[in-house]
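What follows is a single structure, and I will ask about it in a moment.
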2 protein chains.
Amino acid sequence: MIEYELHLPLTLDSDIRNLMANAYGALLHEKERGVTGYYTLPEESMLLVQELINEHTFAPFDAIALYGIGGSSLGTKAIDAALRPIRQAKNIVYFENPDPRTIESNYRKLAGKEVLHVVISKSGRTIETLSQFKASLAYFGLDPKKDAKRLAVISDVDSQLHRFAEEFGIKSFAIPHNVGGRFSVLSAVGIVPLTLAGYDTAAILMAAQEMMERFWAMHEEHILQKAVFIARNWHRYPMNVLFSYADSLENFNKWYVQLWGESLGKIDRTGQRVGPTPIGHIGAVDQHSFLQLLMQGPKDKTVTFIKVEDFGMDAKIPDLKLPYLTSSDFVNDVSFATLIDAECDATKDALLHEGVPVDIITLPRLDEAALGELVVYYELLTSAVGALLEIDTYDQPGVELGKKILRERFADA
Amino acid sequence: MIEYELHLPLTLDSDIRNLMANAYGALLHEKERGVTGYYTLPEESMLLVQELINEHTFAPFDAIALYGIGGSSLGTKAIDAALRPIRQAKNIVYFENPDPRTIESNYRKLAGKEVLHVVISKSGRTIETLSQFKASLAYFGLDPKKDAKRLAVISDVDSQLHRFAEEFGIKSFAIPHNVGGRFSVLSAVGIVPLTLAGYDTAAILMAAQEMMERFWAMHEEHILQKAVFIARNWHRYPMNVLFSYADSLENFNKWYVQLWGESLGKIDRTGQRVGPTPIGHIGAVDQHSFLQLLMQGPKDKTVTFIKVEDFGMDAKIPDLKLPYLTSSDFVNDVSFATLIDAECDATKDALLHEGVPVDIITLPRLDEAALGELVVYYELLTSAVGALLEIDTYDQPGVELGKKILRERFADA
């Protein structure tokens with residue numbers, strides 16, 4: 001199990017305890033009233049994994065083309081990127097940004113492969129996703145009817161995309177009404193492509209479910225404690241930096257940025273604009289980029305470290321003494337995993353010395369269990385902060401104006 | 001040439017004009033006194049390019065292993081990533097983070113190649129860089145003396161790393177004393193690996209030199225104007241988001257984050273902690289992640305857009321009408337380049353509507369000329385903001401404590 005260590009200036013007095021209880025109560029209310037459906041996904045999606053394992057609808061494939069953006073891709077990508085270095089899985093090629101160079105490069109990656117095309121959009125209307133899907137139909141010469149077995153759709157059952165799938169006999173998976181994109185990685189949105197690629201999604205869901213149960217049993221109170229600290233202090237600390245000490249967590253950082261940014265950047269019920277800004281960094285590399293600002297810049301950030309105890313590799317720095325290069329000999333015969341961990345600890349200590357509020361999330365290994373738990377940890381934390389800020393954590397009204405302007409631009413043309 | 005468009009609430013009255021003149025004067029002073037040497041790099045490095053083109057020291061190679069972190073890798077990586085989609089160049093494999101999984105993956109990428117190993121460290125002491133270089137010597141069975149032609153060093157001429165190179169007859173390139181890592185991409189640090197990889201670095205330097213000359217001739221005053229706005233308003237807008245609308249600019253964003261973060265996150269001469277926080281995002285994809293927060297969260301951010309006018313590709317969304325999927329037909333027969341550009345414009349308009357201070361950097365193409373100019377633009381902007389904040393833009397004292405703690409940890413063990 002993951003270890004959570006808080007170094008936050010917060011005294012657990014009765015005020016704080018009350019706020020923690022309020023947040024817990026608010027989440028329980030959300031769960032019971034179905035305000036959001038993500039709380040029950042780990043259990044529900046187990047059935048989906050079984051169904052997928054016995055699924056014989058699809059033509060044989062050796063790569064997945066995933067059409068999706070934001071909540072429809074970030075969670076899958078986070079887990080895919082973190083597990084790929086240690087597992088065998090079919091390649092997933094992501095059609096997210098409509099950057100023409102990326103699209104071209106994706107086509108090169110898929111050349112000569114048998115491809116399953118998976119189109120993911122909760123609303124069924126996402127412009128980037130539908131456009132790239134249509135381009136691929138043309139590029140690969142696919143006919144929705146004849147090639148239905150090479151296609152899959154993941155969408156709200158009320159969407160036009162779902163109707164399109166039905167029309168052509170394309171296998172369609174449902175995203176529950178009350179699960180928004182950024183909370184959907186443990187729904188069909190993430191579980192279908194990850195299972196089809198060959199990952200052990202049952203293990204992810206099991207760890208997610210266990211974390212959920214421990215939270216409801218009040219055995220993960222640190223989540224509420226951190227949530228109270230962030231909700232009460234976001235004016236003073238308007239930024240939270242997630243400093244993850246493993247290259248393969250870069251996409252997890254991006255998932256966190258979306259989860260936090262879209263959920264917590266809101267106008268509250270008094271009309272005030274609220275929300276801390278999420279920032280992702282990778283250690284140790286970004287110590288050479290962002291640490292100076294953390295150490296000597298304004299004290300406007302909290303910092304969360306993720307570290308990995310066991311990389312499953314003991315590659316060592318050789319015990320090699322080279323003339324003139326003795327300054328690095330103090331890590332001779334030390335494993336790189338030990339070095340990167342020690343760098344995380346040293347950076348944490350340096351920040352604590354400067355009085356920066358810090359917390360540390362230690363993963364025993366970067367595996368299915370850690371990812372399942374970490375996803376639920378961040379979802380619950382986000383919900384708790386949202387409840388304490390008294391905002392609607394689950395909508396995103398701020399993105400509509402840009403979409404409207406985009407449509408108008410083309411209507412004018 | 002790049003176009004710069006400012007939508008900042010700033011009236012060009014005499015106060016502002018005075019501040020702009022002060023900043024200009026401070027930079028001129030820095031240049032003339034050699035406070036920093038980056039102002040003359042575009043000119044100086046032209047000679048280096050000539051030398052490299054006629055260089056026959058090295059054994060033949062078809063890939064470069066680059067050992068460097070922070071300022072020793074980010075600039076090279078930014079240019080490499082931006083140009084690679086449109087140019088032929090030898091592969092550069094980056095040994096930055098001491099993540100054991102990445103090191104293993106790097107070795108796989110280099111398997112069966114003739115490799116030139118380039119070790120870059122200004123101080124010559126960087127722990128991550130020396131450790132990985134030593135590991136590679138062991139892994140590839142290289143002997144510094146016998147295999148000197150497969151090695152190159154880029155460092156300060158006073159460093160121990162430079163002495164190591166001399167000892168073994170390894171070709172060594174100098175980083176000027178007064179050029180720090182994050183301002184060094186146009187010195188040997190970036191120019192050597194990029195030229196050896198086959199990029200047209202002369203074209204990059206030419207555009208950089210032209211930008212430098214235009215700035216000194218007072219033809220790029222918008223830089224000073226933006227610098228004044230940022231320096232005067234960083235309390236009100238503690239964050240600047242660089243929203244780049246091209247996937248291949250993600251590493252440029254990271255270079256910007258280091259340049260800005262390490263240069264401007266400082267204790268000023270009155271003892272106050274100052275500095276706006278740099279944040280990098282990629283459009284249109286991060287509209288689905290960060291836009292909600294920008295639109296409805298606290299008004300604590302300025303936003304800079306980078307857009308590319310011509311992607312050099314006219315791949316189109318097909319004129320395909322599918323049943324039920326009509327909501328995206330308004331972009332049928334539109335190129336993806338037009339779509340992504342229109343998304344940038346629509347997002348900019350939406351943010352302006354919310355009163356967010358915005359500026360737009362429009363690159364005609366993502367090529368050598370654009371990158372050379374853009375690098376100098378950001379360096380000058382950073383120096384100007386630093387001068388106005390009355391800080392030392394070029395040091396980074398805040399990173400020393402972590403290094404000290406790291407050494408002590410191993411000394412204790």
Side-chain angles (χ1 to χ4, degrees), chain A residues 69-70 85 96-102 125 127 130-131 134 138 160 163-164 167 247 258 261-262 265-267 273 275 285 288-293 295-298 311 313 315 317-318 320 323-325 327-328 330 336-337 339-340 342 346-347 349-350 396 398-399 401-402 405-406 409-410, chain B residues 69-70 85 96-102 125 127 130-131 134 138 160 163-164 167 247 258 261-262 265-267 273 275 285 288-293 295-298 311 313 315 317-318 320 323-325 327-328 330 336-337 339-340 342 346-347 349-350 396 398-399 401-402 405-406 409-410:
Chain A
I69 193 165
E96 300 175 283
N97 210 18
D99 178 322
R101 294 280 169 195
T102 307
R125 298 168 57 90
I127 185 77
L130 294 186
S131 298
K134 281 157 70 171
Q160 298 292 81
R163 285 194 194 98
F164 164 80
E167 172 89 13
D247 286 330
Q258 191 218 14
E262 282 206 340
K266 292 283 161 68
I267 294 171
R273 294 162 169 273
V285 64
H288 297 262
S289 156
F290 206 73
L291 183 57
Q292 166 63 33
L293 176 64
M295 287 290 287
Q296 298 206 313
F311 277 83
M313 302 189 70
I317 299 157
L320 191 59
Y324 302 108
L325 298 190
S327 70
S328 73
F330 73 99
F336 282 108
L339 172 60
I340 199 169
T347 301
D349 287 349
Q396 55 280 339
V399 303
L401 180 60
I405 295 173
L406 183 70
R409 276 182 176 262
F410 284 99
Chain B
I69 193 165
E96 300 176 283
N97 210 19
D99 178 322
R101 293 279 170 197
T102 306
R125 298 168 56 90
I127 185 75
L130 295 186
S131 299
K134 282 157 72 172
Q160 299 292 81
R163 285 192 193 101
F164 163 81
E167 171 90 12
D247 285 331
Q258 192 218 14
E262 283 206 337
K266 291 282 161 67
I267 294 172
R273 294 162 169 273
V285 63
H288 297 260
S289 155
F290 207 72
L291 183 57
Q292 165 65 33
L293 177 64
M295 287 290 287
Q296 299 205 313
F311 277 83
M313 301 188 70
I317 298 158
L320 190 60
Y324 302 108
L325 299 190
S327 70
S328 74
F330 74 100
F336 281 108
L339 172 60
I340 198 169
T347 302
D349 288 349
Q396 55 280 341
V399 304
L401 180 60
I405 294 173
L406 183 70
R409 276 181 178 263
F410 285 100

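Numbers restart at 1 for each chain; the letters A, B, ... are given by sequence-line order, proteins then strands.
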(message) Looking at every heavy atom in both S131(A) and L339(B), which two are closest together, and how far apart are they?
(response) OG-CD2, 4.3 Å
(request) Can you sort out the partners of F164(A) under ring-ring contact (aromatic ring centres under 6.0 Å, His included), two or more places apart, ordered by chain and number? (result) F168(A)
(request) Keeping the roles fixed (side chain from Q292(A), backbone from G398(B)), state whether a donor-acceptor pair exists under 3.5 Å. (result)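 Indeed, once roles are kept as given, a pair shorter than 3.5 Å links the two residues.
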(message) To check you understand the geometry: which heavy-atom pair defines the closest contact between G402(A) and A346(B), and what is its length?
(response)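 In terms of heavy atoms, the two residues are closest at O-CB, 3.6 Å.
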(message) With chain B as the partner, which of A315(A), A138(A), G275(A), P98(A) has the greatest number of non-hydrogen pairs under 4.5 Å?
(response)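 The answer is P98(A).
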(message) Can you tell me which of P85(B), S328(B), A342(B) forms the most heavy-atom pairs within a distance under 4.5 Å of chain A?
(response)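 When all of P85(B), S328(B), A342(B) are compared, S328(B) has the most.
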(message) Out of T102(B), V399(B), I267(B), L325(B), return the one with the most heavy atom pairs under 4.5 angstrom to chain A.
(response) L325(B)
(message) Pair S327(A), Q160(B) - check side-chain contact (heavy atoms from CB on, under 4.5 Å), show working.
(response) CA-CA 9 Å; S327(A) 70; Q160(B) 299 292 81; over 6 Å; no
(message) If the condition is ring-ring contact (aromatic ring centres under 6.0 Å, His included), which residues does Y324(B) pass it with, not counting sequence neighbours?
(response) none
(message) Give me the atom names and distance for the closest heavy-atom approach of Q258(A) to H288(B).
(response)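 For Q258(A) versus H288(B), the nearest heavy atoms are NE2-O, 2.9 Å.
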(message) Counting heavy-atom pairs closer than 4.5 Å to chain B, which one of R125(A), K134(A), E96(A), K266(A) comes out on top?
(response)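 Top option by heavy-atom pairs under 4.5 Å: K134(A).
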(request) Between chain A and each of S289(B), G70(B), G265(B), count heavy-atom pairs under 4.5 Å; write down the option with the most. (result) S289(B)
(request) Name the region of E167(A), side chain, backbone, both or neither, that has any atom closer than 4.5 Å to a heavy atom of chain B. (result) side chain
(message) Please find the pair of heavy atoms, one from L406(B) and one from F330(A), that lie closest to each other, and give the distance.
(response)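 The answer is O-CE1, 4.2 Å.
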(message) If we define contacts as heavy-atom pairs under 4.5 Å, which of L291(A), L320(A), T347(A) has the most with chain B?
(response) L320(A)
(message) I'd like to know if the side chain of R101(A) reaches the main chain of D247(B), judged simply by a donor and an acceptor atom lying under 3.5 Å from each other, with no hydrogens or angles considered.
(response) no
(message) Within the structure provided, determine whether D349(A) and R409(B) are in side-chain contact (heavy-atom separation under 4.5 Å).
(response)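 In contact.
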(request) Say whether, by atom type as modelled, one donor and one acceptor occur between the side chain of R273(A) and the main chain of M295(B) under 3.5 angstrom. (result) yes
(request) Name the option with the most non-hydrogen atom pairs under 4.5 Å to chain A; the candidates are G297(B), P323(B), A337(B), A350(B). (result)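 When all of G297(B), P323(B), A337(B), A350(B) are compared, G297(B) has the most.
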